[in-house]
Structures are given as C-alpha cells and as structure tokens.
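Treat the numbers as computed from the prediction; the structure is a model and nothing was measured.
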Amino acid sequence: MLMLVLVLDSKSFTYVPNLFGRISKETNRSEGSVPAMGMERVQCGYASLDETFEIGKEMYQGQQYSQIYFARLHLMRTFLYSLVPHWKPNFPVCTVLQLEEGKECVIVGTLYKHMKLKPCILDEYSKQRSVVPLVKPHNFMHPDDHLVLEDESGRVKLGGSIILPSEYVTGIVVALLGKESGAGDFLVLDVLDAGLPPQIQFPLKSRQDKYVVLVSGLSVGSSSSNPLQFQLLIDHITGHLGDEKEQSIASQIVRVVFAGNLVEIPRRFLNGQNLASKDLSRMAEPVKELDILLSQIAAGLPLDIMPGPSDPANFSLPQQSLHRCLFPGSSAYNTFRSCTNPHCFELDSVRFLGTSGQNVDDLEKYSEAKDKLEFLERTLRWRHLAPTAPNTLGCYPYTDRDPFFIERCPHVYFAGNQDKFETRVIKGSEGQLVRLICVPKFSETGVAVMLNLRDLECHALSFGTQFSS
Amino acid sequence: MKKYYRQRKNTAKKSSSISRKKKSKVVKQHPENDCSSEEQALKIFDMNMMYGPCLGMPRLERWERAQKMGLKPPEEIKCFLESGKVQRECLWHKLTPRRETFSIRSTPEGTSYIERIYY
C-alpha cells in the first residue's frame with residue numbers, strides 16, 4: 001500500500017494525515033470536509049528589480065576582465081574613502097605605490113589570494129608534476145596561501161595575523177591600515193569591510209500572514225528526483241491536499257520561487273557527440289515534464305523560476321532568464337515569470353535577493369567558514385554577491401559597471417541548491433535586519449522553505465514518500 | 001616590399017613589445033610624422049591608469065565611462081574623438097585579434113600575396 005506522508009515543522013501547525021492518496025483535482029475538496037464557501041488566495045504586490053542583471057544592452061567588443069575589476073574597484077573605493085575618515089581619522093590615505101617603509105597609512109584596493117592548489121591552466125604544461133596533485137580537491141586551500149592587495153598603481157603582499165587568508169577570497173575590495181615592513185610586505189594592523197548596505201526599514205505594522213515558498217534543486221529528469229515528491233509539493237501549494245485548516249494555510253501562500261536546477265539533462269546527451277533523433281527528443285523530456293508540472297502551479301498562484309548550474313541557460317553569471325519557448329504550457333499564464341540568476345524582487349515592500357547557489361559554492365572552494373550561512377553573511381558585509389567572479393566563477397565581461405555590487409540591503413537573502421536547510425537573522429551596524437536562508441536541494445532532501453512575510457519567520461516544508469509492504 | 005613583411009624596429013615606444021606579435025600579420029605602420037598633437041594627447045589618455053584599462057574599448061566609450069564615474073577626463077579629448085581626426089580605437093587595439101579576413105594584394109613588382117586584415 002502506498003502511504004503518502006506530509007510532515008510540517010511542529011512549531012506552528014498540526015497535521016492530519018490523509019491515508020486515501022491524492023485528492024482528485026475535479027472535486028477540489030477533500031472528501032468529508034467541504035467548507036461552506038471557497039477559499040481565496042491572498043494577494044501580494046510584486047516588483048521585479050532584475051534589470052541590472054539583464055545583458056540585453058551589453059555588447060562584447062573583445063574586452064577583458066580588467067574592465068570589470070576596474071569598475072568594481074572604483075565603485076567600492078569611492079565608498080570606502082567616505083568611510084575611512086570615521087574609521088581611522090588620524091592616518092593618511094595613499095595608493096600602493098606611495099607606500100613608504102615604516103609609515104602607517106590606509107590603503108584601499110582589491111584583494112588577490114595567491115593559492116598554491118588553485119588549478120592553473122599552466123600546470124598542464126609544466127614538466128614536473130610533483131607539487132600539484134592530479135586529483136582535484138573540493139577545497140583548494142593550503143596553509144601557504146597569502147593575500148595581495150592591488151590597485152591601479154601596483155600590488156603589495158599582505159602580512160601579519162590580523163588578516164587571515166582563509167577568510168578572504170580574490171575580488172573583495174577592502175581598506176587596510178598598516179605599514180610597509182622592511183621585507184616589502186604590508187603589515188596589516190586593521191581591516192575595514194564595506195559593511196551591510198543601507199536598508200529600507202521593514203514594514204512593521206501588523207499585517208496578515210503571507211507566505212513565500214522557496215524551492216531549489218528539483219532536478220526533474222535526474223535519477224535522484226522523485227516525481228511523487230514534487231507532485232505532493234504542488235498539490236499542497238495549490239490547495240489540493242489536506243483538510244480545511246491546511247488548505248487555509250496553503251491559501252496564504254502568495255508566491256513560489258524556484259531557485260535554480262529545475263532540470264537535469266542526463267549526462268550522456270551532453271558530451272558533444274551527434275545525437276540520433278530519438279535521443280534528441282529524449283533530451284528535451286525533462287524540460288517538457290517540468291513545463292507540465294509548473295503549469296499546475298501557474299494555474300493557481302504566481303511563480304518565479306531562476307536558472308541554475310544545471311539548467312539550459314548561459315553558464316556565466318548573471319544567468320539570463322530561461323526562454324519562454326521552453327515552457328509553452330506555463331508561459332501561457334501571466335503568473336509565470338522567468339527570472340535571472342541572481343534574482344532581486346520586492347513583495348509588499350519586503351526586499352528579496354537570492355542566487356541559485358553558485359556564489360556560495362565557489363566561496364566554499366576557496367575559503368572556509370563554520371557554515372554556509374557565514375559565507376552568505378560575508379558576501380553581504382563585503383557588499384558583493386559574487387566576489388570570486390570573474391576569477392573562478394564565470395562572469396560576463398562588463399566594461400563600465402559591476403552588477404553584483406549590492407546597493408540596498410535585502411530583507412531576505414537566499415542561496416539555492418545547498419545541502420541542508422539553514423537559516424539565521426543577522427544584524428547590521430545601522431539596524432539592518434536580514435533573514436539568511438540556505439535553500440536545500442529538493443530532489444535529495446524533499447525539503448522546501450516557507451517564509452512568512454509578516455515577521456520573516458522561516459520553517460521547513462518536508463515531503464516524504466514511504467512505501468510499506 | 002619590405003614594408004609588408006617583418007616589421008622594422010622603429011623608435012616609437014610601442015613597437016618593441018608588439019613586434020613579436022606582429023610577425024605574421026601585415027599591419028599598416030605608424031610613421032613618426034603621423035603622430036599629430038591630437039594623437040599624442042590621446043595616447044596619453046590611453047596610458048593613464050586613472051581611467052582604467054584601455055584595451056577592448058573604443059576610446060570614446062572609455063571617455064564616457066570616466067565621465068560617468070566622476071573622474072573628470074579632459075573635455076578636449078572628447079572633441080578630438082568626435083572630430084574624427086584621430087583613431088577611434090586605443091593604441092593597442094590592433095593587438096587584440098577579433099574578426100579576421102583575408103584579401104589578396106599585389107606588390108609593385110607584380111607578385112601577389114595574401115594579407116590578413118583584423119577588425
């Protein structure tokens with residue numbers, strides 16, 4: 001017998017198990033508990049702020065990545081220069097080339113982390129392979145890594161124990177107080193990050209409960225994804241499951257956001273060989289299956305989809321929105337919205353910012369922290385979504401701006417495709433409050449995230465399918 | 001004929017570093033008397049690191065970017081660029097091969113050769 005189990009975090013809800021399988025869609029109500037009148041879904045104001053991530057107007061003219069580094073340095077340095085007088089009022093600010101031995105001063109520039117184990121294309125040509133292991137590690141850190149600060153005039157190696165290479169990566173712009181030592185290093189005495197950006201105050205007046213569901217890593221088409229689990233999620237969100245109480249909770253869900261890795265195309269189709277026509281149609285099946293599933297949701301409430309590392313979108317960040325021709329069924333609904341990765345939007349003046357996880361995963365390869373939420377927090381404090389782009393993370397070669405610079409602090413900041421559900425609230429120096437969320441991979445964990453817009457409380461929605469003989 | 005083969009070393013600053021790259025290319029040389037004062041000013045603008053790297057961007061766009069960032073680039077540079085008397089692209093532009101095509105040219109002696117042209 002097939003038993004379907006729906007489990008909610010015990011904090012706020014009670015649950016009545018339904019042993020009779022899925023409710024048929026025609027009746028639209030669970031047998032035996034027909035409410036007097038139908039339930040209406042709660043509405044919510046939405047504004048998309050993805051314009052900075054769209055590459056429609058950019059034109060590639062053969063430029064290199066030095067342009068985006070210059071734009072980033074200029075943008076952040078201007079800001080850091082305004083902070084330095086409050087931070088260290090008695091020390092002069094100078095450029096790298098103006099450093100004098102023994103003189104304490106403040107320098108601002110981009111950090112570069114020299115990593116011994118970082119894969120380098122030149123290693124393939126080196127005659128001796130003794131130092132570099134042939135097997136790629138998951139994390140490229142090494143005790144000998146060191147940091148270098150660079151600006152347009154020059155670069156200087158950083159020394160001292162205040163600044164730890166294990167916490168930083170290439171691409172961050174910081175201000176440093178210190179002095180040049182005899183050996184030519186810059187001995188760091190203090191570090192200044194940009195800090196959390198300014199935030200528009202969270203609307204505090206008491207409002208009704210409105211929920212946003214965050215899901216990622218559906219991986220439709222992969223062997224690890226369970227279609228039954230996703231169908232359970234869809235039925236729950238669209239109000240086809242459960243009794244009246246549960247349906248009333250589901251009616252308060254205002255939006256679903258899919259944070260990347262919606263499909264997984266089997267590897268054998270992607271190795272560059274010519275495919276037979278039978279294989280070509282098989283390759284498109286995951287997307288077709290996803291379209292059918294998404295159209296069930298789109299028929300009920302607004303949804304946003306973001307591309308991820310395994311989706312048929314461009315590789316480099318910012319990933320452009322998946323084309324609507326891939327979703328002929330879903331895109332017929334005006335509730336269906338294909339968005340970029342990273343994705344920034346506002347729901348009832350609550351600002352959301354999130355990615356499909358590439359920025360956090362890349363930070364994990366090149367630095368260390370006690371958990372993934374700490375990586376998220378660091379990117380906010382550095383005011384940059386993806387500091388390792390373009391060094392180790394693919395990125396579009398912008399010439400005059402850096403779209404990953406975070407100008408306004410979000411209220412909710414999420415990263416998709418993580419290993420487990422984690423969440424925390426962090427506070428900024430000017431009273432900013434941010435809910436950080438790691439959205440787990442649904443195909444592996446069966447967990448989606450439900451966030452209450454009224455107070456930013458967050459809990460897990462866990463779906464399981466168990467077979468008992 | 002010599003002009004179309006290996007580039008002669010000349011005293012202009014740029015050629016020593018680019019002569020290696022230009023071995024197989026045929027590129028119009030920059031004779032010294034072509035460096036008008038406007039072109040000189042633009043070369044200085046290209047080399048000034050305050051406005052960022054110059055490679056890969058047309059000069060006017062780089063000027064506009066500097067303007068947008070508040071770096072106050074000299075107005076006269078913009079006038080030179082708009083007048084059309086100077087090169088649109090930066091000093092090092094021809095070193096970054098982009099699109100290339102071939103054309104057949106003939107020498108004064110009557111032989112012909114293939115020239116690679118880069119945009």
Side-chain angles (χ1 to χ4, degrees), chain A residues 51-52 55-82 93-99 107-110 112 149-156 170-171 173 316 383 389-391 395-405 407, chain B residues 14 17-18 20-22 24-25 27-28 42-75 77-78 81-82 84 86-102 116-119:
Chain A
E51 228 179 82
T52 45
I55 306 185
K57 299 195 189 85
E58 311 288 334
M59 194 170 73
Y60 182 64
Q61 302 152 346
Q63 67 267 27
Q64 298 192 359
Y65 288 124
S66 54
Q67 310 285 357
I68 188 176
Y69 275 121
F70 171 70
R72 183 186 302 179
L73 176 62
H74 183 84
L75 189 59
M76 299 200 64
R77 188 171 51 186
T78 313
F79 172 70
L80 282 169
Y81 276 166
S82 68
V93 176
C94 59
T95 63
V96 169
L97 271 190
Q98 291 167 350
L99 285 175
I107 52 174
V108 180
T110 314
Y112 173 76
L149 189 85
E150 192 173 319
D151 67 9
E152 304 107 334
S153 60
R155 47 181 12 217
V156 65
T170 302
V173 179
S316 55
R383 286 205 202 189
N391 186 35
C395 172
Y396 182 84
Y398 289 94
T399 52
D400 57 353
R401 65 195 180 96
D402 187 344
F404 304 113
F405 177 67
E407 281 179 35
Chain B
K14 56 189 184 332
S17 59
I18 60 177
R20 255 187 311 120
K21 284 207 175 188
K22 288 198 174 178
S24 55
K25 288 186 220 178
V27 175
K28 195 175 100 138
L42 272 162
K43 279 185 193 173
I44 295 170
F45 172 70
D46 281 346
M47 291 288 102
N48 191 346
M49 275 317 283
M50 189 167 84
Y51 308 120
C54 64
L55 255 184
M57 281 180 93
R59 281 165 164 172
L60 187 58
E61 211 175 288
R62 183 162 171 263
W63 190 94
E64 273 160 11
R65 175 180 78 179
Q67 173 89 321
K68 201 169 68 161
M69 288 183 171
L71 296 166
K72 300 197 183 70
E75 287 285 340
I77 306 280
K78 188 167 187 201
L81 286 167
E82 280 170 344
V86 291
Q87 271 188 48
R88 207 179 69 94
E89 304 284 345
C90 79
L91 205 53
W92 307 96
H93 169 66
K94 286 184 177 168
L95 288 177
T96 58
R98 287 172 343 196
R99 282 171 296 173
E100 62 169 69
T101 187
F102 297 87
R116 228 189 298 184
I117 301 174
Y118 293 87
Y119 298 115

Atom pair CG (Asp400(A)) and CD (Gln67(B)), whose distance is rounded to the nearest 0.5 Å: 13.5 Å

CE-CZ distance between Met49(B) and Phe70(A), expressed to the nearest 0.5 angstrom: 7.5 Å

Short side-chain to backbone donor-acceptor contact, Gln67(A) and Leu55(B), under 3.5 Å: yes

CD (Glu51(A)) with more than 12 external heavy atoms under 6.0 Å: no

Pairwise distance CE(Met69(B)) to CG(Leu75(A)) - rounded to 0.5 angstrom: 7.5 Å

Gln61(A) vs Glu61(B) side-chain heavy atoms within contact, under 4.5 Å: yes

Heavy-atom check, side chain of Leu71(B) versus side chain of His74(A), under 4.5 Å: yes

Separation of Ser66(A) OG from Met57(B) CE (nearest 0.5 Å): 10.0 Å

